[in-house]
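The basis for the numbers below is simple: all heavy atoms, side chains too, and nothing from hydrogens, waters or symmetry mates. Positions are given from 1, in the same order as the sequence printed here.
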Amino acid sequence: MGRKYFGTDGIRGRVGDFPITPEFVLKLGWAAGQAFRRQGICKVLIGKDTRISGYMFESALEAGLSAAGAQVLLLGPMPTPAIAYLTRTFQAQAGIVISASHNPYYDNGIKFFSGDGTKLPDEVELAIEELLDAPMTVVESAELGKVSRIVDAPGRYIEFCKSSVSSSITLKGMKLVLDCANGATYKVAPSVFRELGAQVTVIGDEPDGLNINRDCGSTHLAALQAAVAEQGADMGIAFDGDGDRVLMVDADGGVVDGDELLYIIACDLNRRDKLQGGVVGTLMSNLGLELAFKELGIPFVRAKVGDRYVMAELKANGWLLGGENSGHLVCGNHTTTGDGIIAALQVLQALKRHDESLAQARAGLKMCPQVLINVRLKGTVDPLQSEQVQQAVAAAEAQMAGAGRVLLRKSGTEPLVRVMVEGSDAAQVRQHAEQLAQVVENVCS
């Protein structure tokens, strides 16, 4: 049965456009409350990032859940992975995140965690969708859900993050710049790294509701690169708006993406016989990562793009480590979802353990030239079904003669087609990517 509202990462869109409206989110809160209450007493946590519409949607969810008889605990602005963690520790039936992750402030979304801190099972999402089409009712007044606020939520999550680092490791002597994307990590991330001993400078920590992800964070690294140079820092760490992604910048300003961070963490675990199986990447993972793991004897499999699919592949294989080149990394020996702060700490711990700089730790991974171009979708034409596009892809693959690969896919969170080409020849890769992007754009126009 297909989903009507839920995508790969909850429900997301432009604020004011259906379904990201107060009316729909009110009904969504009610439907979720009804579905969760089928298990008995229902307690739901709500957290959000820093975008201005979060206030409106928090109130709408709160009203809908209360009308269904669900108890509500409000967390305020907190990273998405913090909400997954606190849902578990408070033994709630579900956690709800109001966020559009790395998108601009004028987008927002709603995503859910189950009681064990993972994405909702398909059957629960489908039950919520079914209830969304039913008339909204209100429980008896005596059964209305009460609402309260968890005032010590940031401190709880800070201590959890710190607990992922060995007690024998200190970050003393490390000079770091953090870019919090004017988003959900702006309060907790600086405390975590400072309390572990690092000298920390912070940028992107003045959210005003409109500046989340604007020229900052993991999607815009220029400000972080400049700050690392200005401070003479050992490295920079960039989170996205909701804190489930992380990218880094080395002392010389070189960008270290999710594939490279995954490699550093995996190598550290492998050296210590703590890897427990292999590593899960995605269709977008660089070919160089696959080849590096093959040389090290580390099993590697690719999942479809999206944390939901990475988690499913990890579970199917009984493995713990996986992620995406976007910086969404899952360290399953510590947490149940992608967590930017936890992942960054595992990288820093590996550097300390082996007395390496970030540049040295990444040196063993030889990345293949890869070009990614985003083409905005227009109209209703599906370019992936276009014969013209398919012929262009086949021609590019034939010219690379097995020395590269092409991937075209629709974004699960934005109206984009992502055109990715990688291979051994950088100039050829760039040429094919630009040509294919132009073909896709022509078909869309």
Please determine which of R51, K111, K48, M56 meets the side-chain contact (heavy atoms from CB on, under 4.5 Å) test together with I98. K48

Between P190 and C180, is there a side-chain heavy-atom distance shorter than 4.5 Å? yes

Rounded to the nearest 0.5 angstrom, the CG-OG distance for N442 and S386 is 10.0 Å

Assign the ring pair F112 / F6 to parallel, tilted or perpendicular, where the plane angle (0 to 90°) is split at 30° and 60°. tilted

Any V255 side-chain heavy atom under 4.5 Å of Q225 side chain: yes

Quick one: does any side-chain atom of K187 pair with a main-chain N or O of A184 as donor and acceptor, under 3.5 Å? no

Parallel, tilted or perpendicular: ring planes of F239 versus F193, cut at 30 and 60 degrees: tilted

Start with the C-alpha gap between S101 and D242, add the side-chain angles, then the distance that decides, and say whether side-chain hydrogen bond (donor to acceptor under 3.5 Å, both in side chains) holds. CA-CA 5 Å; S101 190; D242 74 331; 3.3 Å; yes

Apply side-chain hydrogen bond (donor to acceptor under 3.5 Å, both in side chains) to the pair Q438 and E441, showing each step before the final yes or no. CA-CA 5 Å; Q438 188 61 58; E441 191 168 347; 4.6 Å; no

Atom pair SG/CG of C368 and D425 - distance to nearest 0.5 Å: 11.5 Å

Check D122 with R308, please: is the shortest side-chain N to carboxylate O separation under 4.0 Å? yes

Just by distance, do the side chain of D250 and the backbone of L358 share a donor-acceptor pair under 3.5 Å? no

Please check if the side chain of N270 supplies one atom and the backbone of A266 the other of a donor-acceptor pair under 3.5 Å. no

Working to the nearest 0.5 Å, report the span between CG of N211 and CD1 of I52. 10.5 Å

Check for me whether R14 meets the cation-pi criterion with Y106, that is, NZ or CZ under 6.0 Å from the six-membered ring centre and within 45 degrees of the ring axis. yes

Rounded to the nearest 0.5 Å, how far apart are SG of C161 and CG of D339? 5.5 Å

Taking NZ, NE, NH1 and NH2 as the nitrogens, is one of them in R405 or E290 under 4.0 Å from a carboxylate oxygen of the other? no

The reported gap from CD in Q399 to CD in Q428 (rounded to nearest 0.5 angstrom) is 7.0 Å

Could you tell me whether D355 atom CG has more than 12 heavy atoms of other residues or ligands within 6.0 Å of it? no

To the nearest 0.5 angstrom, please state how far the CD1 atom of I373 sits from the NE2 atom of H432. 12.5 Å

